[in-house]
Amino acid sequence: MCGITGWVSFDRDLRTSHDTLDAMTATMECRGPDDRGTWIDGPAALGHRRLAIIDLPGGRQPMTVETPGGTVAMVYSGETYNYTELRSELAAKGHRFRTDSDTEVVLRGYLEWGEELPARLNGMYAFAVWDGRVDRLVMVRDRMGIKPFYYYETPDGVLFGSEPKAILANPLARGRVSLEGLRELFTFVKTPGQAVWDGMHEVEPGTVVTVDRSGLRARAYWTLETKAHTDDRDTTIATVRELLDDIVRRQLVSDVPRCTLLSGGLDSSAMTAIAAQQLAGRGETVRSFAVDFLGQAENFVADELRGTPDTPFVHDVAKASGTDHRDIVLDSHALADPEVRARVIRARDLPAGFGDLDASLYLLFKAIREHSTVALSGESADEVFGGYLQFFDEEARAADTFPWLVSMGRHMGDDADVLRPDLARRLDLGGYVADNYAGAVRGIQRLDGESDFEYRMRQICHLHLTRFVRVLLDRKDRASMAVGLEVRVPFCDHRLVEYVYNTPWALKSFDGREKSLLREATADVLPKSVYDRVKSPYPSTQDPKYAIALQDHTKDLLARPSHRVFDLVDRDRVHRAAHREAPQITQASRRGLERTLDLALWLDMYNPELALD
């Protein structure tokens, strides 16, 4: 797992631009603390920071191959889980390998198959190949968008990087955010290709972007397609389990210590139990880690979202699977610490608005990194198997909008309420969401004879797999890579995604519960308590001291009335929230305070040019 960056300029020789390339590469240090490398040849410059996972001595980058027609060079971030099969296939075709790394397999795969290579890969990856034979840059992102990848067109080429900060380190990139970027920032719709920063774009998941002297072109090599599902229930359950066994086996491969993230929910428990079963056959023990909050298990209060605390279920799984388990217990002081908030924003390059969920995830990953370098996560199982409340909420099902917005608005309020009224009118967030939704559902294919209800559930599943999950995957990647931890997501294997997406909703929920297929496919390895447990989201602290700390930090900000944040947020509204008595601090108020503090820190750290007209 690594950080990549680069610059292609067809009108200049970049060999005079080492300092700029070094600055771009240095921004990726957290993503790759083990090594660095740069490569420049005429119009192309590539930078790499490495987190060594497979073939520790042999996977250095940028990696190059000299051909009779010119040099082919690559920077690569991610893991290719079927690299051993591809290596054998390439060796049979005459390729000779210098290393045991998956990086070299991908590079030589490009030499053999060109832009048809991505369709052969199973993994999470973002990589760029400079093909000196034809003076062309080829940028590729994995099917689900697990690994981030950004680019910024220039008058004579392109800048790219794993994160916006790498691009913004180049003087050609303008750190500007307009109304369009703010619309994306204050909605939860994940517009494909949108990167918030003006002129910057994401390489979309499942896409190849090529750049040469004639310009930039994008081509999708994978999309989520509608297909008929003909397997019966028993066959479907068995197939899901076969896929999960194979996926986990592949994703446990590592030359460094690995572990699992365990929440006590169905997803992470099933994944941890399968991993424990497989490693036990090799005489190994799985390490598992869970996040908890000081006093939460003893003082937990059930609400509409979370009916039970995680810790008892975590411990049931750890005991049943025999994991080497550790709880990471966080207190309110750490969660509200402005320094932690600043590190999260630096990791994201944006004030993303997840509040204590972001802070706790970052602190969890930071603690895990002291023991492991690779972690397996249960992320995305809810999107694949249908686990969220909105899948079963009649109002959300019927709404002519993204279903999660209905559920989030009901339970957490609208964090855009913090905006100045005049800015809110200019942004017209409602219109932005409506336009996005119309575009998102327009291309979803319907099976012949599919009922209106089944088609609506197909739409909801599709929206979660192509929009909602990308927000969470980006959050996971940034928080983990900020501390040099590689987090793998078995439930994002495209084979599983394709198979389960096309199972009818009646089959996905055959017992009237969420994630029926996953529950039955892994019933043999789950404790009964977890098998019976109702879905509970990622935990949030209930300690009132956290909200009080937010108020104190906000009062300090209010004492600076000239701060730029008040060009964005309604100062009077923030003032009222900051001075409420503790029992009156609602979830919406708390989110408003978190959003305001995030925005203020982002403005201080990045000093973006805001175009609010």
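The analysis underlying the following values was restricted to heavy atoms, covering all of them including side chains, and did not include hydrogens, waters or symmetry mates.
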Is it the case that the side chains of [Y] and [X] hold a donor-acceptor pair, with the cut-off being a distance below 3.5 Å and no angle test?
X      : Y      : result
Ser540 : Asp356 : yes
Thr285 : Asp324 : no
Ser263 : Ser268 : yes
Thr308 : Arg533 : yes
Asp231 : Tyr499 : yes
Tyr388 : Asp393 : no
His229 : Thr236 : yes
Asn502 : Arg458 : yes
Ser321 : Thr323 : no
Thr272 : Ser269 : no
Glu520 : Tyr531 : yes

Assess the residue pair Phe149 and Phe127 against the criterion (ring-ring contact (aromatic ring centres under 6.0 Å, His included)); give the C-alpha distance rounded to whole Å, side-chain angles, the decisive distance to 0.1 Å, and a yes or no. CA-CA 8 Å; Phe149 202 171; Phe127 62 90; 8.3 Å; no
Among Thr260, Asp267, Leu261, whose side-chain contact (heavy atoms from CB on, under 4.5 Å) with Ser377 holds?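 Single side-chain contact (heavy atoms from CB on, under 4.5 Å) partner of Ser377 among Thr260, Asp267, Leu261: Leu261.
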Do the side chains of [Y] and [X] get nearer than 4.5 Å, heavy atoms only?
X      : Y      : result
Cys461 : Lys508 : yes
Arg341 : Glu339 : no
Ile274 : Leu244 : yes
Thr80  : Val105 : no
Val203 : Tyr150 : no
Arg478 : Asp349 : yes
Val106 : Val140 : no
Asn122 : Asp493 : yes

Test side-chain contact (heavy atoms from CB on, under 4.5 Å) applied to Arg49 and Ile4, step by step: CA-CA 7 Å; Arg49 292 290 317 201; Ile4 65 174; over 6 Å; no
Go through the steps for Arg287 and Arg258 under the test side-chain contact (heavy atoms from CB on, under 4.5 Å), then give the verdict. CA-CA 7 Å; Arg287 291 181 176 180; Arg258 59 217 181 316; over 6 Å; no
About how many Å separate CG of Leu376 and CD of Glu486, when rounded to the nearest 0.5 Å?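 So the gap between those two atoms works out to 9.0 Å.
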Hey, what do you get for CG (Leu330) to CG (Leu364), rounding to the nearest 0.5 Å?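 Leu330 atom CG to Leu364 atom CG measures 7.5 Å (nearest 0.5 Å).
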Pairs where residues 360-370 contributes a residue and the test side-chain hydrogen bond (donor to acceptor under 3.5 Å, both in side chains) is met, not counting sequence neighbours: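 Counting only pairs at least two positions apart or across chains, the side-chain hydrogen bond (donor to acceptor under 3.5 Å, both in side chains) contacts touching residues 360-370 are Ser360-Tyr538.
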With ring-ring contact (aromatic ring centres under 6.0 Å, His included) as the test, would you mind laying out the steps for Phe289 and His371 before giving the verdict? CA-CA 10 Å; Phe289 293 87; His371 308 277; 5.6 Å; yes
Any chance you could lay out the side-chain contact (heavy atoms from CB on, under 4.5 Å) test for Arg397 and Met457, step after step, and finish with the verdict? CA-CA 8 Å; Arg397 283 172 169 176; Met457 295 311 297; 3.6 Å; yes
Suppose we call two aromatic rings close when their centres sit under 6.0 Å apart. Are His464 and Phe391 close by that rule?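 Ring centres of Phe391 and His464 closer than 6.0 Å.
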Just checking Phe392 against Trp505, ring centres under 6.0 Å apart?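 They qualify: ring centres under 6.0 Å apart.
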Other residues, nucleotides and ligands only: do more than 12 of their heavy atoms fall within 6.0 Å of CZ on Arg326?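 Count not over threshold, so no.
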Run Asp327 and His315 through side-chain hydrogen bond (donor to acceptor under 3.5 Å, both in side chains) and show every step you take. CA-CA 9 Å; Asp327 292 322; His315 292 172; 2.7 Å; yes
Here's one to test your reading of the geometry: is the NZ or CZ of Arg249 within 45 degrees of the ring axis of Tyr81 and under 6.0 Å from its centre?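 Ring-cation test returns no.
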Does NZ or CZ of Arg141 come closer than 6.0 Å to the centre of the six-membered ring of Tyr125, within 45° of the ring's axis?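 Ring-cation test returns no.
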Salt-bridge test for Glu202 and Lys190: reply yes if a basic N is under 4.0 Å from a carboxylate O, no otherwise.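 Yes, Glu202 and Lys190 are salt-bridged.
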